[in-house]
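Any value given below was found using the heavy atoms of this structure, including those in side chains, with hydrogens, waters and symmetry copies removed. For ligands, and for the atoms within them, numbers begin at 1 and follow the listed sequence.
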Amino acid sequence: MRNRRRNTADSRLSGQQREKGIDGMNWEENVRRVVPYTPGEQPKKTDVIKLNTNESPYPPAPGVAEALSALDTEKFRLYPAFPEQTELAAALAARYHIGTDQIFIGVGSDDVLSMAFLTFFHSGRPVFFPDITYSFYDVWADVYGIPYERKALDADFQICPADYCQPNGGVIFPNPNAPTGVLMPLDKVEAIVAANRDVVVIVDEAYIDFGGTSALPLIEKYDNLLVVQTFSKSRSMAGMRIGYAMGQPQLIRYLNDVKYSVNSYTMNTAALELGAVAVRDEDYFKACCKKIMETRAVAEERLSALGFVFQKSFANFIFASHKTMPARNIFERLRENDIYVRWWDKERIDNYLRITIGTDGQMESLYRALGKILG
Ligand SMILES: *Cc1c(COP(=O)(O)O)cnc(C)c1O
């Protein structure tokens, strides 16, 4: 399972054709080969309905546009501030009632998670994560040479906590899980953290703001818990690339040591300033999350009426299977209608579509198109 060394370069030019050096080797034999993560499509056309990457359909907080136009570009001459000393760290600390020394800020939570893999998953034992989950985890494990084991979700796509209570090199799972949208109750999250005091447990809360209960309060009790969140979904700022991790100061110090050993200045000045503005507008943030949850409740009814089945979602998407038509066909037909949803050609989930919750208008267009395709 580890070190999937299939390589994209193989198909282009075989190693045999390379010049060999004095030791009979060619440079390609020593390349760090990886199969990269495949993000959802970002179509060039703009007049499409984009429900494939869980972005927010609503704009960032209104203050963000104002702050952007007021931003003094003279500041761009200088290297950015250290994230932990910025208004963004102060705003997050105030919002989550923790110290600025309990926050690590990165270029989207992908950067934060990647640094966390590099920092904490270093024991040689396998890291555990679900078989159906965010498909970046195995990519980071592969690129960093970290062994891992996938633990199967049950038939209802629930994580089985007992699977994570065997010796391991660390644990990571999203809550709610992606792409299923299934939420694990906090007592089960705590059971996993408590059973793994000898390793770091990372809870990836990319979708926690859409009705879940955050594990954040548990960081006071457990020094092995890292909670990771992002501005990309509930804060409508995927393009700004801001993510953050919260944990006890010692965990955050270790993360910073590794981060400052790779690239000191990851966060740009604009993201640091605009992020702070976004966090301070709590009312707007709450209104957006509420609206998306209301649209999701309607989507549950409408999709059921169209013959879809799904688990209850606590995220800004629904992971649904149709009773009669294969997911792939629906995916392709929707795409022909310029409606983009996500489909994976992967074991266990290849008959599911992940549909991001858009605006009410976008969702109406989706139901109309589905009505025609299925009718
Ligand atoms: C979207 C997502 C992320 C990463 O998002 P960033 O844009 O890098 O912050 C991380 N984990 C999960 C489960 C996600 O769905």
Shortest protein contact, atom 5 (O) of ligand 1 (heavy atom only): Ser109 OG, 3.3 Å

Beyond-backbone contact of Thr266 with Ile105, side-chain heavy atoms, under 4.5 angstrom: no

Heavy atom of Phe231, distance to ligand 1 below 4.0 Å: no

Asp204 side chain to Asn175 side chain, donor-acceptor N/O pair below 3.5 angstrom: no

Of Phe319, Trp343, Trp344, the residue whose pairing with Tyr352 passes ring pair (Phe, Tyr, Trp, His ring centres under 6.0 Å): Phe319

Spacing of CE belonging to Met363 relative to CG belonging to Leu51, to within rounding of 0.5 Å: 6.0 Å

Any donor-acceptor N or O pair under 3.5 Å, side chains Glu190, Tyr222: yes

Those atoms of ligand 1 less than 4.0 Å from some heavy atom in Arg241: 6 (P), 7 (O), 8 (O)

Contact check: Tyr134 vs ligand 1, nitrogen or oxygen atoms, below 3.5 angstrom: no

Salt bridge (Lys or Arg N to Asp or Glu O under 4.0 Å) evaluation trace for Arg150 with Asp138: CA-CA 9 Å; Arg150 296 184 176 97; Asp138 56 352; 2.6 Å; yes

N or O pair under 3.5 Å between Lys233 and ligand 1: yes

Minimum side-chain heavy-atom gap Lys151-Asp131 below 4.5 Å: no

Proximal ligand 1 atoms for Gly108, defined as those under 4.0 Å from one of its heavy atoms: 8 (O), 9 (O)

Heavy-atom nearest neighbour in the protein, as seen from atom 7 (O) of ligand 1, with distance rounded to 0.1 Å: Ser232 OG, 2.5 Å

Residue and atom name of the nearest protein heavy atom (relative to atom 11 (N) of ligand 1), distance in Å to one decimal: Asp204 OD2, 2.7 Å

Which residue and heavy atom of the protein sit nearest atom 15 (O) of ligand 1, plus the separation: Tyr207 OH, 2.5 Å

